[in-house]
Structure formats: structure tokens, C-alpha cells
Amino acid sequence: MRIWLTVAALSGLISVALGAFAAHGLKSHVGEYELGVFETGARYQMYHALALVAVAWVASMGAGSLATMAGSAFLAGTILFSGSLYILALTGSRALVMVTPLGGLAFMIGWACLAFAAWKIGN
């Protein structure tokens, strides 16, 4: 549980810092499209930082490997989805554009694992 709470807190911290960077430092250096892409990355990172708190809670209730799989998928999704959007917005490079959907898939896998983990602790 402690590891997932720590990862959640750090991811939330990074999300807030990058969101502030977008609002105050990036705004004058990129276009509206790039700014929107960057903000989408930060928003999804925050959503999944909060999801990691749920993973920690479910793990503390005894969900075991399902909680670990959910947390790992959320972390992978954050790196792939949000990370690729940050790179796109900052560099304009579309080299990682095919990675973004894989991050979205990882998010969906994480949510499915979290649902199964929650169901497991109820039974």
C-alpha cells in the first residue's frame, strides 16, 4: 500500500507542477493546440494519480496481485499517454504518436483490474 500511495502522491505533484508550467510558462511559447495537448496530459496524469490512491486502498483491503496489476497499468498509462502528449506539445514531434493509444489502453486495463480487485475484496 505504501508504494502505491507514494507513487500516487509523486504523480499528483508532477501533474500539478506541469499544469502550472503549462498555464504560466508554456502559454507564451506554444500554440493553442499544443497547450491543449499538454493540458490533456496533465489532466489525465492527475486522474490516474487519484486512481493510484484507490489502488493503495484496495491493496490495503487484501486485493493482492490485482491491485498491483491495476497500479502498474495506471503507471504505464501515465508514462505512455501523458508522457507522449508532453513530448508532442513541447517538441511537435509525432514520433511517439502511436504510443498515446497504448497508454490509453493501459489506463483501461488498470480500471478493469481495479474493478476486479474491488469485487474480490467484497467476496
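Every value quoted in this text rests on a predicted model; they were computed, and no experiment measured them.
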May I ask whether [X] and [Y] are part of the same hydrophobic cluster, defined by side-chain heavy atoms of I, L, V, M, F, W, Y residues being less than 4.5 angstrom apart, directly or through others?
{"X": "Leu96", "Y": "Leu102", "result": "yes"}
{"X": "Leu66", "Y": "Ile109", "result": "no"}
{"X": "Phe116", "Y": "Met69", "result": "yes"}
{"X": "Ile79", "Y": "Leu85", "result": "yes"}
{"X": "Ile87", "Y": "Leu80", "result": "yes"}

Of the non-hydrogen atoms in [X] and [Y], which two are nearest, and what is the gap between them?
{"X": "Trp4", "Y": "Thr68", "answer": "CZ2-O, 3.7 Å"}
{"X": "Ala117", "Y": "Ala63", "answer": "CB-CB, 3.7 Å"}
{"X": "Phe74", "Y": "Ala51", "answer": "CE1-CB, 3.6 Å"}
{"X": "Ser15", "Y": "Ala42", "answer": "OG-O, 2.7 Å"}
{"X": "Gly12", "Y": "Met46", "answer": "O-CE, 3.5 Å"}
{"X": "Ala54", "Y": "Leu114", "answer": "CB-CD2, 4.0 Å"}

To the nearest 0.5 Å, how far apart are [atom1] in [X] and [atom2] in [Y]?
{"X": "Thr78", "Y": "Leu52", "atom1": "OG1", "atom2": "CG", "answer": "6.5 Å"}
{"X": "Tyr86", "Y": "Phe21", "atom1": "OH", "atom2": "CZ", "answer": "11.0 Å"}
{"X": "Leu13", "Y": "Leu18", "atom1": "CG", "atom2": "CG", "answer": "9.0 Å"}
{"X": "Lys120", "Y": "Ser65", "atom1": "NZ", "atom2": "OG", "answer": "5.5 Å"}
{"X": "His29", "Y": "Leu35", "atom1": "NE2", "atom2": "CG", "answer": "11.5 Å"}

Item checked: Heavy atoms of other groups near Tyr44 OH, more than 12 under 6.0 Å ->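 No.
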Item checked: Aromatic ring pairing His48/Phe107, orientation class (parallel under 30°, perpendicular over 60°, tilted between) ->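 Rings of His48 and Phe107: parallel, as their planes differ by under 30°.
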Check whether [X] reaches the backbone of [Y] with its side chain - one donor and one acceptor, N or O, closer than 3.5 Å.
{"X": "Ser84", "Y": "Phe81", "value": "yes"}
{"X": "Gln45", "Y": "Ser11", "value": "yes"}
{"X": "Ser82", "Y": "Gly41", "value": "yes"}
{"X": "Ser60", "Y": "Trp57", "value": "yes"}

Margin query: One pair to check against side chain to side chain contact (heavy atoms under 4.5 Å, CB included): Leu90 and Leu26. What are the steps and the verdict?
Written below: CA-CA 9 Å; Leu90 293 172; Leu26 193 58; 3.6 Å; yes
Check: Do Leu75 and Val7 pass the side chain to side chain contact (heavy atoms under 4.5 Å, CB included) test, and can you show the C-alpha distance, the side-chain angles, and the key distance before you say yes or no?
Finding: CA-CA 8 Å; Leu75 184 57; Val7 171; 4.0 Å; yes
